[in-house]
Amino acid sequence: MKTINVVAAILQDGNKIYATQRGYGKFKGFWEFPGGKIDEGECAYEALHRELLEELKIKIDIDSLFCTLDYDYDDFHLHMQCFLCTIKEGTPVLVEHQNALWLDAANLDSVTWLPADISIIEKLKTYLTEGK
Ligand SMILES: Nc1nc2c([nH]c(=O)n2[C@@H]2O[C@H](COP(=O)(O)OP(=O)(O)OP(=O)(O)O)[C@@H](O)[C@H]2O)c(=O)[nH]1
């Protein structure tokens with residue numbers, strides 16, 4: 001099975017995280033962290049800066065790696081690196097996504113996350129409530 005390497009931004013503003021809703025494709029309507037595939041020749045950081053500029057028209061600061069994740073979808077293996085980030089410049093504009101929400105720990109379960117993201121959500125709740 002082919003592996004795709006993806007980077008995702010866990011955008012933080014105080015105790016809230018930015019969730020975006022996919023606007024196209026097989027998982028249209030599911031919620032995710034903004035980001036996308038690492039292109040050939042790019043490092044993870046370059047890919048994340050590029051994706052956030054393309055998808056949301058924002059410049060970000062990448063603060064730290066929150067987690068890496070491996071997940072088997074039916075047709076590919078996902079390897080995803082998730083970074084804690086903050087917005088450096090701009091206000092998000094939804095170029096590809098159909099909706100977006102700032103969610104705190106109590107509301108993280110109020111949307112339907114992509115299957116691979118469910119394990120991150122549990123970890124994020126602990127991080128947001130206990131700071132670890
Ligand atoms: N961005 C993002 N992708 C995720 C998450 N969780 C998850 O399973 N994925 C999967 O990772 C892949 C990322 O691809 P993408 O479609 O966002 O990437 P892209 O913008 O480079 O793609 P495209 O232009 O080829 O559609 C998708 O298959 C998506 O379902 C997540 O939280 N954020």
Side-chain angles (χ1 to χ4, degrees):
M1 195 151 43
K2 72 166 185 272
T3 294
I4 67 162
N5 291 302
V6 169
V7 281
I10 301 176
L11 282 175
Q12 205 180 348
D13 184 3
N15 63 349
K16 293 192 174 168
I17 295 296
Y18 197 65
T20 48
Q21 188 177 30
R22 281 184 89 80
Y24 66 94
K26 186 175 166 188
F27 284 101
K28 183 176 187 308
F30 283 74
W31 290 72
E32 65 177 7
F33 301 103
K37 298 178 196 102
I38 302 177
D39 285 347
E40 215 175 304
E42 265 183 340
C43 72
Y45 297 108
E46 288 167 338
L48 201 53
H49 285 296
R50 176 183 53 73
E51 288 285 355
L52 274 282
L53 202 52
E54 284 175 8
E55 289 184 356
L56 297 174
K57 303 281 173 213
I58 53 170
K59 290 189 178 167
I60 56 167
D61 281 320
I62 302 174
D63 301 320
S64 61
L65 180 67
F66 183 70
C67 65
T68 60
L69 171 86
D70 283 279
Y71 187 89
D72 283 326
Y73 280 104
D74 288 346
D75 43 355
F76 66 93
H77 176 81
L78 172 74
H79 178 74
M80 185 161 78
Q81 301 174 68
C82 305
F83 293 89
L84 287 170
C85 301
T86 46
I87 296 178
K88 184 164 76 175
E89 210 180 297
T91 303
V93 175
L94 302 184
V95 176
E96 295 176 2
H97 291 98
Q98 62 187 58
N99 202 355
L101 287 170
W102 286 100
L103 300 173
D104 62 16
N107 289 317
L108 277 175
D109 285 328
S110 66
V111 298
T112 305
W113 291 93
L114 283 173
D117 292 24
I118 291 163
S119 66
I120 310 172
I121 299 310
E122 290 312 308
K123 201 169 142 69
L124 255 185
K125 281 186 210 163
T126 310
Y127 169 75
L128 289 174
T129 51
E130 297 170 21
K132 63 184 182 194

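Counting convention: from 1, in listed order, for ligands and their atoms alike.
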S.K.: Is the OH atom of Tyr45 crowded by more than 12 outside heavy atoms at less than 6.0 Å?
M.R.: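 Counting neighbours around OH of Tyr45, 12 or fewer heavy atoms of other residues, nucleotides or ligands fall under 6.0 Å, so no.
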
S.K.: Please list the nearest protein heavy atom to atom 25 (O) of ligand 1 with its residue and the distance rounded to 0.1 Å.
M.R.: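 Looking at atom 25 (O) of ligand 1, the protein heavy atom closest to it is Lys37 NZ, 2.6 Å.
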
S.K.: Do the side chains of Lys2 and Asp75 get close enough for a salt bridge, i.e. N-O under 4.0 angstrom?
M.R.: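 Looking at Asp75 together with Lys2, the answer is no, because their closest N to O distance does not fall below 4.0 Å.
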
S.K.: For Leu78, counting its heavy atoms only, list the atoms of ligand 1 lying under 4.0 Å from any of them.
M.R.: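 Atoms satisfying the 4.0 Å criterion: 7 (C), 8 (O), 11 (O).
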
S.K.: For ligand 1, is Glu51 a contact, meaning one of its heavy atoms is under 4.0 Å away?
M.R.: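 Per 4.0 Å heavy-atom rule, Glu51 contacts ligand 1.
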
S.K.: Answer yes if the side chains of Tyr127 and Glu122 hold a donor-acceptor pair under 3.5 Å, and no otherwise.
M.R.: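 Absent: no donor and acceptor within the cut-off.
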
S.K.: If you have a sec, work out which protein heavy atom is nearest atom 9 (N) of ligand 1 and how many Å separate them, to one decimal?
M.R.: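 Going atom by atom, the protein heavy atom closest to atom 9 (N) of ligand 1 ends up being Leu114 CD1, 3.6 Å.
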
S.K.: For a quick check under 3.5 Å, do His77 and Asp72 share a side-chain donor-acceptor pair by atom type?
M.R.: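 The answer is yes; a qualifying pair exists.
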
S.K.: Which option wins on minimum heavy-atom distance to atom 12 (C) of ligand 1: Ile120, Val6, Asn5?
M.R.: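 Minimum heavy-atom distance to atom 12 (C) of ligand 1 goes to Val6.
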
S.K.: Which atoms of ligand 1 have any heavy atom of Ala116 under 4.0 Å away?
M.R.: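 In order of numbering, the contacting atoms are 8 (O).
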
S.K.: Within a distance under 4.0 Å of any heavy atom of Phe33, pick out the atoms of ligand 1 and give their elements.
M.R.: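 Matching atoms, with element in brackets: 1 (N), 2 (C), 31 (C), 32 (O), 33 (N).
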
S.K.: Got the closest protein heavy atom to atom 28 (O) of ligand 1, with its distance?
M.R.: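 Heavy-atom neighbour on the protein nearest atom 28 (O) of ligand 1: Phe76 CZ, 3.3 Å.
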
S.K.: Of the protein's non-hydrogen atoms, which lies at the shortest distance from atom 6 (N) of ligand 1, and what is that distance?
M.R.: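 That would be Asp117 OD1, 2.7 Å.
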
S.K.: Which atom names give the shortest non-hydrogen contact between Lys28 and Gly23, and what distance separates them?
M.R.: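 Where Lys28 meets Gly23 most closely, the heavy atoms are CE-O, 3.4 Å.
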
S.K.: Lys16 vs Leu11, test: side chain to side chain contact (heavy atoms under 4.5 Å, CB included). Steps then yes/no.
M.R.: CA-CA 8 Å; Lys16 293 192 174 168; Leu11 282 175; over 6 Å; no

S.K.: Does some non-hydrogen atom of Glu96 fall short of 4.0 Å from ligand 1?
M.R.: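 It does not, in that no heavy atom of Glu96 comes within the 4.0 Å cut-off of ligand 1.
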
S.K.: Using a 4.0 Å cutoff against the non-hydrogen atoms of Tyr73, which atoms of ligand 1 qualify?
M.R.: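 It comes down to these atoms of ligand 1: 7 (C), 8 (O).
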
S.K.: Does the pair Glu46/Arg50 count as a salt bridge with the N-to-O cut at 4.0 Å?
M.R.: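 No.
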
S.K.: Looking at Glu55, Glu54, Glu96, which hits side chain to side chain contact (heavy atoms under 4.5 Å, CB included) with Pro34?
M.R.: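 With Pro34 as partner, Glu55, Glu54, Glu96 yield a single side chain to side chain contact (heavy atoms under 4.5 Å, CB included), made by Glu55.
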
S.K.: Please test Trp31 against Asp117 for side chain to side chain contact (heavy atoms under 4.5 Å, CB included), starting from the C-alpha separation and ending with a verdict.
M.R.: CA-CA 9 Å; Trp31 290 72; Asp117 292 24; over 6 Å; no

S.K.: Which atoms of ligand 1 have any heavy atom of Gly35 under 4.0 Å away?
M.R.: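 Close to Gly35: 1 (N), 17 (O).
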
S.K.: Classify the contact between Arg22 and ligand 1 as side chain, backbone, both or neither, using a heavy-atom distance cut-off of under 4.0 Å.
M.R.: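 The answer is the side chain of Arg22.
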
S.K.: So which heavy atom in the protein is nearest atom 24 (O) of ligand 1, and how far is it from that ligand atom?
M.R.: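 Residue, atom and distance for the closest contact: Tyr24 OH, 4.1 Å.
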
S.K.: Using the ring centroid of each side chain, check whether Phe33 and Tyr18 are separated by less than 6.0 Å.
M.R.: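 Not under 6.0 Å, so no.
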
S.K.: Do me a favour and list the nearest non-hydrogen protein atom to atom 3 (N) of ligand 1 with residue, atom name and distance?
M.R.: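 Minimum-distance protein heavy atom for atom 3 (N) of ligand 1 reads Glu32 OE1, 3.5 Å.
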
